[in-house]
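This report concerns only the one structure given below.
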2 protein chains.
Amino acid sequence: MSDREQVRIEVAAQRSGLTKRAIRYYEELGLIQPTGRSESGHRLYTAVDIRRLEKIRMLRETVGLSLLEIQQLLEAEAALEEVRERYRRSAGTDERMALLQEAIASVSSQLRLITRKREALAQLQVEYEDRLARLRAALADLASEPAARGA
Amino acid sequence: MSDREQVRIEVAAQRSGLTKRAIRYYEELGLIQPTGRSESGHRLYTAVDIRRLEKIRMLRETVGLSLLEIQQLLEAEAALEEVRERYRRSAGTDERMALLQEAIASVSSQLRLITRKREALAQLQVEYEDRLARLRAALADLASEPAARGA
DNA sequence: GCAGGAGTTTACGTCAACGGAAGTTTCCCG
DNA sequence: CGGGAAACTTCCGTTGACGTAAACTCCTGC
């Protein structure tokens with residue numbers, strides 16, 4: 001039953017690494033909805049909620065997306081879920097194929113964005129690795145030949 | 001001599017994909033300094049300047065760094081250049097090794113940040129690729145068996 | 001030689017992403 | 001059951017990253 005554990009905002013903040021203010025703000029923007037509220041109106045978060053908060057944080061801090069981009073990404077995921085539902089209920093093969101193609105286009109689009117970012121980072125990484133390699137080579141050079149040498 | 005070409009801010013903006021305002025702002029923050037000014041005070045940019053502007057833009061828009069982070073990154077590069085100079089002038093092997101180790105530590109630190117970001121993106125990418133693969137499999141499934149099937 | 005299209009500085013405006021204080025209610029422990 | 005910690009809403013403040021307008025100078029083609 002630990003998965004059904006309900007925690008208040010302070011604990012949710014600690015576990016997600018966000019501030020209480022940020023969590024409320026994200027709720028205001030529609031990025032997250034606490035699973036429920038206590039009788040007196042206190043927000044209650046489950047493990048699922050906290051994973052979502054962690055994901056938002058990762059996308060924000062590590063990946064560097066704006067809250068708008070995160071919102072669109074999460075909405076796209078939700079839309080995909082909805083397509084799943086419609087898919088189950090849809091009767092015709094043509095209809096199903098259309099739904100799938102729509103979903104594929106959406107995911108592909110998100111994927112392209114991610115790939116572009118990764119490529120930019122990869123370029124940077126190579127640059128820095130090169131630099132590091134040269135520095136290490138110079139160091140090894142110095143270490144192996146302690147005698148005086150030309151420039 | 002096309003490398004010595006000096007262009008004014010409008011052209012620099014077009015070539016770098018930034019706005020004139022952004023360029024002036026970056027200068028205000030110390031991210032870039034135009035190679036020179038015309039007699040009348042107009043900023044003049046060279047190809048080197050424009051490459052720097054493009055790099056800033058890439059770090060900002062694609063990688064998603066803040067201007068502060070970009071500033072630190074560029075300053076670290078400049079510091080590295082300075083170490084290079086000191087290195088050339090330094091006499092003792094011990095001194096040179098110390099300089100190299102300092103530089104290595106600095107570059108390694110930057111590299112770790114980049115790697116962390118890439119890993120976060122890689123995780124996302126895998127997630128999306130999985131999803132895409134499943135959608136494509138479902139589509140292929142449908143295409144190959146147009147007859148009615150169970151859920 | 002002058003109109004108007006760029007350039008300059010200075011300054012205020014704006015939007016995102018929260019921070020922080022005020023005023024109030026709720027929880028919980030001794 | 002009383003009081004301090006924590007939650008709630010509301011609102012104003014702030015910082016980053018520019019946009020935009022004003023007031024002025026500069027340069028160029030006709």
Side-chain angles (χ1 to χ4, degrees), chain A residues 5-46 49-50 52-75 113 117 120, chain B residues 5-46 49-50 52-75 113:
Chain A
E5 187 193 8
Q6 312 255 102
V7 301
R8 280 170 304 179
I9 196 169
E10 170 132 48
V11 177
Q14 283 169 10
R15 299 206 181 151
S16 65
L18 294 166
T19 66
K20 297 184 278 183
R21 182 64 176 94
I23 294 178
R24 294 202 188 95
Y25 181 58
Y26 294 168
E27 178 178 346
E28 194 180 327
L29 295 187
L31 293 184
I32 192 178
Q33 214 64 19
T35 293
R37 293 268 186 148
S38 74
E39 193 61 28
S40 55
H42 291 182
R43 291 169 177 81
L44 294 175
Y45 300 88
T46 65
D49 294 334
I50 290 173
R52 188 178 174 96
L53 288 172
E54 282 172 346
K55 180 167 188 177
I56 293 175
R57 183 187 170 208
M58 195 256 273
L59 291 173
R60 179 97 198 84
E61 297 184 3
T62 310
V63 182
L65 299 186
S66 72
L67 294 184
L68 177 62
E69 289 171 313
I70 294 174
Q71 189 169 23
Q72 292 167 349
L73 198 141
L74 294 179
E75 274 171 10
L113 286 180
K117 279 193 185 246
Chain B
E5 187 193 10
Q6 311 257 101
V7 301
R8 280 171 305 179
I9 195 167
E10 171 131 49
V11 177
Q14 283 168 10
R15 299 206 181 152
S16 65
L18 293 165
T19 66
K20 296 185 278 181
R21 180 62 174 97
I23 295 178
R24 293 200 189 97
Y25 182 57
Y26 294 168
E27 179 179 345
E28 194 181 327
L29 295 186
L31 293 184
I32 192 177
Q33 214 65 19
T35 292
R37 293 270 183 145
S38 74
E39 192 63 28
S40 56
H42 292 180
R43 292 171 177 80
L44 294 175
Y45 299 89
T46 65
D49 295 334
I50 290 173
R52 188 178 174 98
L53 288 172
E54 282 171 346
K55 179 166 189 178
I56 293 174
R57 183 185 171 212
M58 194 258 271
L59 291 173
R60 179 94 198 88
E61 296 183 4
T62 310
V63 181
L65 299 185
S66 72
L67 294 184
L68 177 62
E69 289 171 313
I70 294 175
Q71 188 169 24
Q72 291 167 349
L73 198 142
L74 294 179
E75 274 172 9
L113 286 180

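Every chain is numbered from 1, with letters handed out A, B, ... down the list of sequences.
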### Task
Run the numbers on M58(B) and V63(B) for side chain to side chain contact (heavy atoms under 4.5 Å, CB included), then give the verdict.
CA-CA 6 Å; M58(B) 194 258 271; V63(B) 181; 3.9 Å; yes

### Check against side chain to side chain contact (heavy atoms under 4.5 Å, CB included), Y26(B) and L18(B)
CA-CA 10 Å; Y26(B) 294 168; L18(B) 293 165; 3.9 Å; yes

### Query
Does the pair T19(B) and Y25(B) meet the rule for a side chain to side chain contact (heavy atoms under 4.5 Å, CB included), with working shown?
CA-CA 10 Å; T19(B) 66; Y25(B) 182 57; over 6 Å; no

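For G41(A) and T19(B), each mapped to the nucleotide of DNA chain D holding its nearest heavy atom, the one lying further toward the 5' end belongs to G41(A). When the nearest nucleotides of DNA chain C are assigned to V11(B) and R60(A) by heavy-atom distance, the more 5′-ward of the two goes with V11(B).
Separating the NZ atom of K20(A) from the C1' atom of dC8(D) is a distance of 11 Å, rounded to the nearest angstrom. Atom CZ in R43(A) sits roughly 17 Å away from atom P in dA6(D) (whole-Å rounding). Whole-Å rounding puts the R8(A) CZ to dA7(D) C1' distance at 8 Å. Protein atom CD1 of I9(A) is 12 Å distant from nucleotide atom C1' of dT9(D), rounded to whole Å. Between the CD atom of Q72(A) and the P atom of dA16(C) there is a distance of 12 Å, rounded to whole Å. We find that CD1 of I56(A) is positioned 10 Å from P of dC18(C), with the value rounded to whole Å. E10(A) has its CD atom 11 Å from the P atom of dC8(D), to the nearest Å. Note: NE2 (H42(A)) to P (dA5(D)) measures 16 Å, nearest angstrom.
Applying the side-chain contact (heavy atoms from CB on, under 4.5 Å) test between R43(A) and each of R24(A), Q33(A), R8(A) identifies R24(A) as the sole match.
DNA chain C is contacted by S66(A), L67(A) of residues 61-71 of chain A, taking any non-hydrogen atom closer than 4.0 Å. Near DNA chain C, meaning a heavy atom under 4.0 Å away, the residues from residues 23-39 of chain B are R24(B), R37(B).
R15(A) and E54(A) are not joined by a salt bridge, as no carboxylate oxygen comes within less than 4.0 angstrom of a charged side-chain nitrogen. Between E27(B) and R37(B) there is a salt bridge, with a side-chain nitrogen of the basic residue lying less than 4.0 Å from a carboxylate oxygen of the acidic one.
The backbone N or O of L29(B) lies less than 3.5 Å from a partner atom in the side chain of Q71(B), making a donor-acceptor pair. Checked by atom type and distance alone, the side chain of D49(A) pairs as donor or acceptor with a backbone atom of T35(A) at under 3.5 Å.
Judged by distance alone, with hydrogens and angles left aside, R21(A) brings a side-chain donor or acceptor within reach of the base of dG20(C), the pair sitting under 3.5 Å.
For the residue pair L31(A) and L74(A), the shortest heavy atom distance occurs at O-CD1, 3.9 Å.
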